[in-house]
Structure formats: C-alpha cells, structure tokens
Amino acid sequence: MRGSIWAQSPERVIGLGGAIPWDHPGDQRRFKRVTLGTTIVMGRATFDSVGKPLPKRRNIVVTSRPLVMETVETARSVREAVERAGEAPLWFIGGARIYEEAMAYVDVLDVTYVPDHVLAAGAVHAPLIDEAIFEAGPLLEHEDEPGLTRREYRRRPPED
C-alpha cells in the first residue's frame, strides 16, 4: 500500500509559513496512528518544519542536499524513495511538490477537511485530485476530532 495523507482547508491550503495553519489534536492523533510502523516520505522543507525524524517510522527525506542523521534516509527523488521503500507500507506526508509527484505512485489519498479558512498570500496548496484516476469514497466524520471530516480516494483500476 502506498498513500498520501494530508489535511486541507476549504481553499485546499495545507501549509503557511512552514507550518500547519491550524491546531486539531485529534487529526494529529489519527495521523500518528495511521503512519506508525510504516515508511514515511517527505520533502526537505517538511522535514525542516517538523524538526526531527518521526519516531517508530522509517523516515525518508527527498532532498538534493546532504542530511546526516542516523535515523533518516535520503532520496534524490520521489521515484528513488519509492524504490527504497520496496513493498513496505508507505505514506507521503508533504509538502505540495512531493504530493504532486507522488500521485503517479499512490493507491490511496487520505484527505482530512478542516473548516479553518486560510486566505493568506504564500499559502501552500494540496494538489488537485483527478477523479478520473481516483475514486472518491464517502465523506466521513473524523473519528478523532469532532467538526472535521475526511475522505479516502482510491486509484481506479486501469481500463482494459
């Protein structure tokens, strides 16, 4: 299984100023539960904003600059990160460029919808989801955070 997981505002914002522009602890708990024990792939800016490797996960950072940390692997591209992960469950966790490039490799998009409006200049946006490629599942109430909803999109099978 390969997937991308993110939360977005009504404007599709996923980040602002190197941070997530809202605080929903229940969504953070769910993110942790879903990604524990898996391989996570992130871009260098996302890694820098988190500030450390996420524990109990294999961390791969896509970067062209050296990064020397025993608990973090690096890859020069999304493709290389996918190859390094092999058959292990893998989640792409940001940022926008990584999500966009990962669309070619993922089976699942796990999207949380937050009600917080973010209209600031410089905001970072989630990629558009091509529903010809990904089928939208039902809109569900977020099990860990009242007021949030979430939806999984699954890659449609190839047409014969």
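This chain uses plain numbering: 1 for the first residue, then up along the sequence. Please read all numbers here as calculations on a predicted model, not as lab measurements.
In the model, E11 has a side-chain atom that pairs as donor or acceptor with a side-chain atom of H117 under 3.5 Å.
At a threshold of 4.5 Å between side-chain heavy atoms, the hydrophobic network of Ile, Leu, Val, Met, Phe, Trp and Tyr places V34 and Y153 in two separate groups. A continuous path of hydrophobic side-chain contacts links F31 to M1 [ILVMFWY only; heavy atoms under 4.5 Å]. Criterion: ILVMFWY side-chain heavy atoms under 4.5 Å apart, direct or through other members. Under it, I60 and M42 are not part of a common hydrophobic cluster. Both V82 and M103 are assigned to one and the same hydrophobic cluster, defined by single-linkage of ILVMFWY side chains at heavy-atom distances under 4.5 Å. When hydrophobic clusters are built by joining Ile, Leu, Val, Met, Phe, Trp and Tyr residues whose side-chain heavy atoms come closer than 4.5 Å, directly or via intermediates, F92 is not grouped with V61.
Shown here are the ring pair (Phe, Tyr, Trp, His ring centres under 6.0 Å) partners of Y99, two or more places apart in sequence or in another chain: W6. With sequence neighbours left out, the salt bridge (Lys or Arg N to Asp or Glu O under 4.0 Å) criterion links R33 to E143, D144. T74 is linked by a side-chain contact (heavy atoms from CB on, under 4.5 Å) to T63, L67, counting only residues two or more places apart in sequence or in another chain. Checked against salt bridge (Lys or Arg N to Asp or Glu O under 4.0 Å), D27 has no partners two or more places apart in sequence or in another chain. Here R151 pairs with nothing under the salt bridge (Lys or Arg N to Asp or Glu O under 4.0 Å) rule; sequence neighbours left out.
At a threshold of 4.5 Å between non-hydrogen side-chain atoms, the residues V41 and V78 do not count as touching. For the pair T71/K52, no side-chain contact is recorded, criterion being any heavy-atom separation below 4.5 Å from C-beta on. Looking only at side-chain heavy atoms (C-beta outward), V111 and I129 come within less than 4.5 Å of each other. Two residues are said to be in side-chain contact when any heavy atoms from C-beta on lie closer than 4.5 Å; H142 and Y113 fail this criterion. R57 places a side-chain heavy atom less than 4.5 Å from the side chain of L36. When side chains are defined from C-beta on, L54 counts as touching I93, because their heavy atoms get closer than 4.5 Å. Within the 4.5 Å cutoff, no side-chain heavy atoms of I98 are placed close to those of T46. The closest side-chain heavy-atom distance from T149 to E141 is below 4.5 Å.
Atom NE2 in H125 sits 6.0 Å away from atom CZ in R12 (nearest 0.5 Å). Annotation: the span from W22 atom CH2 to L16 atom CG amounts to 9.5 Å, rounded to 0.5 Å. For the atom pair OG of S4 and CD of E100, the computed distance is 10.0 Å after rounding to the nearest 0.5 Å. To the nearest 0.5 Å, atom OG1 of residue T112 and atom CD of residue Q8 are 9.0 Å apart. From E152, atom CD reaches atom CG of L109 across 9.5 Å, with rounding to the nearest 0.5 Å. The CZ atom of R79 sits 4.0 Å away from atom OH of Y105, with the distance rounded to the nearest 0.5 Å.
P89 and T38 get closest at one heavy-atom pair: O-CB, 3.5 Å. The minimum heavy-atom distance between A7 and I14, with the atom names listed, is O-CG2, 3.3 Å. Shown here for A75 and A81, the closest heavy-atom pair between the two residues is CB-N, 3.6 Å. Residues A136 and E131 share a closest heavy-atom pair of CB-OE1, 4.1 Å. Nearest heavy-atom pair across A132 and R156 is O-CD, 3.2 Å. Nearest heavy-atom pair, G18 versus S49, reported as atom, atom and distance to 0.1 Å: O-CB, 2.9 Å.
The local environment of CD in E87 is sparse, with at most 12 non-hydrogen atoms from other residues, nucleotides or ligands closer than 6.0 Å. Within 6.0 Å of atom CG in L148, more than 12 heavy atoms from other residues, nucleotides or ligands are found, so the atom counts as buried in its surroundings.
Of the options V106, I5, T39, a side chain to side chain contact (heavy atoms under 4.5 Å, CB included) to W91 is made by I5 and by none of the others.
A salt bridge does not link E145 to R30: none of the charged side-chain nitrogens sits closer than 4.0 Å to a carboxylate oxygen.
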As a quick check of understanding, evaluate side chain to side chain contact (heavy atoms under 4.5 Å, CB included) for R154 and D107, giving each step before the final call. CA-CA 6 Å; R154 298 220 171 246; D107 309 306; 5.7 Å; no
Applying side chain to side chain contact (heavy atoms under 4.5 Å, CB included), run through R97 and V62 and close with a yes or a no. CA-CA 10 Å; R97 185 180 64 82; V62 177; 4.3 Å; yes
Between H24 and D116, does the side chain to side chain contact (heavy atoms under 4.5 Å, CB included) criterion hold? Intermediate values first, please. CA-CA 10 Å; H24 294 286; D116 310 63; 2.8 Å; yes
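Side-chain heavy-atom separations under 4.5 angstrom define the hydrophobic clusters, and L119 shares its cluster with no other residue.
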